[in-house]
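Read through the structure below, which is laid out as structure tokens, and then see the notes.
Below, all heavy atoms of this structure are taken into account, side chains as well, without hydrogens, waters or symmetry copies. The shown structure was predicted, so the numbers you read here are calculated from the model rather than taken from an experiment.
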2 protein chains.
Amino acid sequence: MNVVSVLIVDDHYLVIEGVRSLLQGEKRIEWLGHATSTESCLAFLKHHQPEVILMDINLGNESGIALCKSIKEKYPAIHILGLSTFNQQSFIKKIIENGASGYVLKNATKNELLTAIFTVSMGRSYMSSDALQLLRKQENKTIILTRREKEVLEFIAEGLTNNEIAAKIFVSVTTVDTHRKNLLSKFQARNIASLVKMAVQMELI
Amino acid sequence: MNVVSVLIVDDHYLVIEGVRSLLQGEKRIEWLGHATSTESCLAFLKHHQPEVILMDINLGNESGIALCKSIKEKYPAIHILGLSTFNQQSFIKKIIENGASGYVLKNATKNELLTAIFTVSMGRSYMSSDALQLLRKQENKTIILTRREKEVLEFIAEGLTNNEIAAKIFVSVTTVDTHRKNLLSKFQARNIASLVKMAVQMELI
DNA sequence: TTTCTTATCCCTTAAAAAGAGGATTTTTAT
DNA sequence: ATAAAAATCCTCTTTTTAAGGGATAAGAAA
């Protein structure tokens with residue numbers, strides 16, 4: 001089996017250390033190093049292109065998802081493996097949509113991590129079983145909002161009344177009211193209180 | 001300087017590996033091992049008591065905070081150091097209130113981690129500067145709710161009306177209404193929509 | 001071209017919440 | 001014992017939502 005070169009992008013030092021330590025003894029892995037930010041990662045890639053990048057979803061204030069996209073645009077040959085903690089299920093979809101080949105949770109074992117790396121390095125995709133489960137759970141619950149609905153929802157959550165929103169987006173109150181009704185029915189919410197709770201928890205707001 | 005014995009409790013394998021790898025070379029650290037759940041941690045403590053426990057705040061579905069409390073009750077001599085990722089500021093307070101001696105973020109450097117461990121092992125408290133900043137930011141915004149207010153808030157966020165809540169907790173509608181008004185004024189919210197958004201974002205719900 | 005989605009607008013009625021007061025009884029802490 | 005905080009209850013008015021109905025125009029997709 002060939003040697004696979006690997007770079008990790010994560011702003012958590014302890015995780016970098018963990019991965020490095022796990023991969024250290026492996027003859028089939030060539031450890032290229034780590035980056036802790038978008039810029040340092042892009043700078044690194046100018047000189048070396050790993051076969052696989054382990055990419056944390058949230059890099060502090062920056063987004064691993066945006067980084068993923070721009071890497072795939074510039075270096076389509078690089079395979080990206082998303083890396084995240086348990087409670088960030090909502091991002092799995094996004095990183096896959098932005099070009100990642102797989103997703104591994106940070107409580108993965110050494111074996112799982114290695115399997116994932118080798119799988120994506122061969123151009124195939126890898127999903128940790130936990131991640132798959134989470135995806136399936138979300139599948140049914142995913143709510144698609146139109147541009148306008150999202151806009152109205154945001155104003156509602158800020159505490160504006162229909163009248164105020166209507167004035168703000170230059171439409172009739174009845175229009176805002178219709179959007180509101182559609183939101184309630186899409187979320188199957190009893191009222192705005194429960195709707196806002198759901199929306200925040202689903203990170204739509 | 002004396003040797004400090006350390007146990008880590010974290011459900012993220014990569015983090016355990018990272019910490020282990022960082023502390024490995026240190027002569028002043030005795031690595032006792034790791035636990036990935038509440039039970040395995042308590043089982044371990046029956047036989048060995050470390051001087052310092054590195055404790056992740058969220059252990060999957062379990063709570064590191066509750067574990068922290070029960071450990072301090074049974075083994076008050078153990079010093080606990082909270083460990084968490086960046087975005088869980090709201091828990092720092094809670095774990096400190098439940099007996100932890102300090103808090104370190106997972107993007108800590110080796111030096112910071114060592115300093116933290118040695119500091120708490122001597123009975124003093126350690127706060128990472130990032131954590132302190134976050135605490136200060138929150139300080140002004142912290143809203144203290146009474147038992148009843150919290151209860152009512154939860155029902156509101158579930159979508160119940162005042163009438164329904166009144167029936168559920170066996171009080172008059174006007175009472176529920178008063179709680180509602182007090183909630184609005186405590187949060188300085190314009191209406192329930194914005195109140196619920198704030199409450200969810202502050203993780204009060 | 002036709003169909004589907006999105007965005008827009010309108011009506012009515014009942015229920016609920018917001019805003020303004022004030023007041024009494026329990027708890028809890030000092 | 002007593003003061004402070006929390007929980008309880010009340011009236012009245014106005015504004016906002018919820019729930020039911022339906023309709024039209026523009027744009028995207030098939």
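Here C/dA7 presents its C1' atom at 11 Å from NZ of A/Lys186, a figure rounded to the nearest Å. In this structure, B/Arg148 atom CZ and C/dT28 atom P are separated by 13 Å, rounded to whole Å. In this entry the distance linking NZ of B/Lys181 with C1' of D/dA7 reads 14 Å, nearest Å. Here the C1' atom of nucleotide D/dA6 and the CG atom of B/Leu183 are 13 Å apart, to the nearest Å. To the nearest angstrom, C1' of C/dA7 lies 10 Å from CD1 of A/Ile169. In this structure, CG of A/Asn182 is placed 14 Å from C1' of D/dG20, rounded to the nearest angstrom. Residue A/Phe170 contributes atom CZ, which lies 17 Å from atom C1' of C/dA7 at whole-angstrom precision. Here the P atom of nucleotide C/dT8 and the CD atom of A/Glu149 are 11 Å apart, to the nearest Å.
Residues B/Cys41 and B/Leu67 form a side-chain contact, since some pair of their non-hydrogen atoms from C-beta on lies under 4.5 Å apart.
No donor-acceptor pair under 3.5 Å is formed between the side chain of A/Glu158 and the backbone N or O of A/Phe155. For the pair B/Ser5 (side chain) and B/Glu51 (backbone), a donor-acceptor distance under 3.5 Å is present.
Remark on DNA chain D: of its neighbouring residues B/Thr178 and A/Arg180, the 5'-side contact belongs to B/Thr178, judged by nearest-heavy-atom nucleotide. Positionally, the nearest nucleotide of DNA chain D for B/Val171 lies more toward the 5' end than for the other of B/Val171 and A/Asp177.
Under 4.0 angstrom from either OP1 or OP2 of C/dA7 there lies at least one side-chain N or O belonging to A/Thr146. Phosphate proximity of D/dA18 to A/Arg190: absent, as no side-chain N or O sits under 4.0 Å from OP1 or OP2. Between D/dT8 and B/His179, a contact under 4.0 Å exists linking OP1 or OP2 to a side-chain N or O. Dashed line: the shortest gap from a side-chain N or O of B/Asn162 to OP1 or OP2 of C/dA17 is under 4.0 Å. Checking the phosphate oxygens (OP1, OP2) of C/dA15, no side-chain nitrogen or oxygen of B/Asn163 falls inside 4.0 Å. In this model, the phosphate group of C/dT8 is not approached by any side-chain N or O of A/Ser172 to a distance below 4.0 Å at OP1 or OP2.
Heavy atoms of B/Thr175 sit under 4.0 angstrom from at least one base atom.
Checked against D/dC10, C/dA7, C/dA17, the side chain of B/Thr174 finds its nearest nucleotide in D/dC10.
Contact detail for B/Lys110 and A/Tyr13: the closest heavy-atom pair is N-CE2, 4.0 Å.
With respect to A/Lys106 and A/Asp56, a salt bridge is recorded, a charged nitrogen being found less than 4.0 Å from a carboxylate O.
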